[in-house]
Amino acid sequence: MRTKNLKILPFYICIAGAVYILELVIFVLLNSYSYKPGILRNSFYDSAMGAIVSNGFIVPSTCTLIAVYRIRFRWILLIAAGFMAIEQSFIYLGVFEHHWWKLIYTGIGLILLPSMGKWLWQKLCQPDHPYLLRLVMLYIINVSLQGTIMSGYLLIFYQLGFRPGWFEDPARDNLAFATLIVHADSLLFACLVSLRGGWIWKAILFVIMGCVYWWLNHRDILYTSGVWLVLLLLLLQIVILQLLAGIHRIIAEKSAVLSRRES
């Protein structure tokens, strides 16, 4: 029972990561909607903050409860309708705005995501997990962890950011490129952790990442007021890699215990 309860943590983070990946497409790249919580002065960063709270915490928490407690489909429909009603009230209050997004899209997403979450939770609680499932989960989990850290880092330290020139809005340009880095790092981190790479491989990876940041700065894509900000970012990524390794042990724990019992 203890192992199953621990698996709630990687499950929750994985669901948040899946939402982050969707948000990259519809929110950052396609400008689907905007939040207006009035927390930050920059309108795009303010909108991103609202998206992080809603899609990084509220939606994953709901999906986790639905999956763990095996809530029936008719209740999922009711929950989706409740979210749609809340979204409509936010539009009425002026703290949320649709661009090309439709209310029905929210309803469809909040029906599909919990249904997929129930399937994933069932797979996660089984004694054996295919390598590909663990690899994909680690990738999505790292997207969630590093995406949250990277977004917060860029929102706090205005002296560090990215300017690839993809969008006219500098804030959107910054977050779009940062998200690309998060996905690239997530693929490398997931492979390294799933293959149980040692400290030498980890050191090599972070040396390469440091060289990439230097190259981006040399190409005027990465701007920073001091090298210490880049070093701090690398330190945070080292912490995230260690967290990912710990989460991987939680995912694989039950399988290892049962394998020892069977032998």
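Computed from a predicted model, the values in this text were never measured in an experiment. Note that these values count all heavy atoms, side chains included, but never hydrogens, waters or copies made by symmetry.
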| request: Measure the acute angle between the ring planes of Tyr35 and Tyr33, then classify it against the limits of 30° and 60° as parallel, tilted or perpendicular. | output: perpendicular

| For residues Tyr12 and Ser144, is any side-chain donor paired with an opposing acceptor at under 3.5 Å? | no

| field | Exceeds 12 heavy-atom contacts within 6.0 angstrom, atom OH of Tyr92 | value | no

| Ala51 versus Glu23, closest heavy-atom pair with distance | CB-OE1, 3.7 Å

Enumerate, atom names and distances included, each donor-acceptor pair closer than 3.5 Å involving a side-chain atom of residues 57-69, sequence neighbours excluded.
residue: Ser61; atom: OG; partner: Phe57; partner atom: O; Å: 2.6
residue: Thr62; atom: OG1; partner: Ile58; partner atom: O; Å: 2.9
residue: Thr64; atom: OG1; partner: Pro60; partner atom: O; Å: 2.8

| task | Output yes when a side-chain donor or acceptor of Arg134 lies under 3.5 Å from a complementary backbone atom of Ala190, and no otherwise. | result | no

| field | Heavy-atom neighbours of Trp201 CH2 exceed 12 at 6.0 Å | value | no

| request: Report yes if the distance between the aromatic ring centroids of Phe90 and Phe96 is under 6.0 Å, otherwise no. | output: no

| Gly38 backbone acceptor or donor facing Asp46 side chain under 3.5 Å | yes

| task | State, to 0.1 Å, how close Ile141 and Pro10 come at their nearest heavy-atom pair, and which atoms those are. | result | CD1-O, 3.6 Å

| Just wondering, are more than 12 heavy atoms of other shown residues or ligands nearer than 6.0 Å to CD in Gln122? | no

| request: Would you confirm whether Lys7, through its side chain, and Ile251, through its main-chain N or O, come within 3.5 Å as a donor-acceptor pair? | output: yes

| query | Out of curiosity, does Ile238 fall in the hydrophobic cluster containing Val212 (side-chain heavy atoms, cut-off under 4.5 Å, transitive links)? | reply | yes

| query | Is there a side-chain contact between Tyr223 and Asn174, using heavy atoms and a 4.5 Å cut-off? | reply | yes

| request: Measure the shortest side-chain to side-chain distance between Tyr45 and Ile39 over non-hydrogen atoms and say whether it is less than 4.5 angstrom. | output: no

| message | Can you list everything that forms a side chain to side chain contact (heavy atoms under 4.5 Å, CB included) with Leu188? Sequence neighbours excluded, please. | response | Leu205

| Phe44 and Asp173, any side-chain heavy atoms less than 4.5 Å apart | no

| field | Closest contact, heavy atoms only, Leu30 versus Trp100 | value | O-NE1, 2.7 Å

| said: Using a 3.5 Å distance criterion without hydrogens, assess whether the side chain of Ser47 forms a donor-acceptor pair with backbone atoms of Ser43. | reply: no

| Heavy-atom pair of closest approach, residues Ile76 and Ile71 | CD1-O, 4.0 Å

| Considering all heavy atoms, the nearest Ile111-Ala80 contact | CG1-CB, 3.9 Å

| Checking Ser194 side chain against Cys191 main chain: does a donor-acceptor pair fall under 3.5 Å? | yes

| field | Contact list for residues 101-117, test side chain to side chain donor-acceptor pair (under 3.5 Å), sequence neighbours left out | value | Glu87-Thr106, Trp101-Thr106

| task | Specify the closest pair of heavy atoms between Gly109 and Pro114, including all atoms of both residues, with the distance to one decimal. | result | O-CD, 4.0 Å

| Are any non-hydrogen side-chain atoms of Leu29 and Phe167 less than 4.5 angstrom apart? | yes

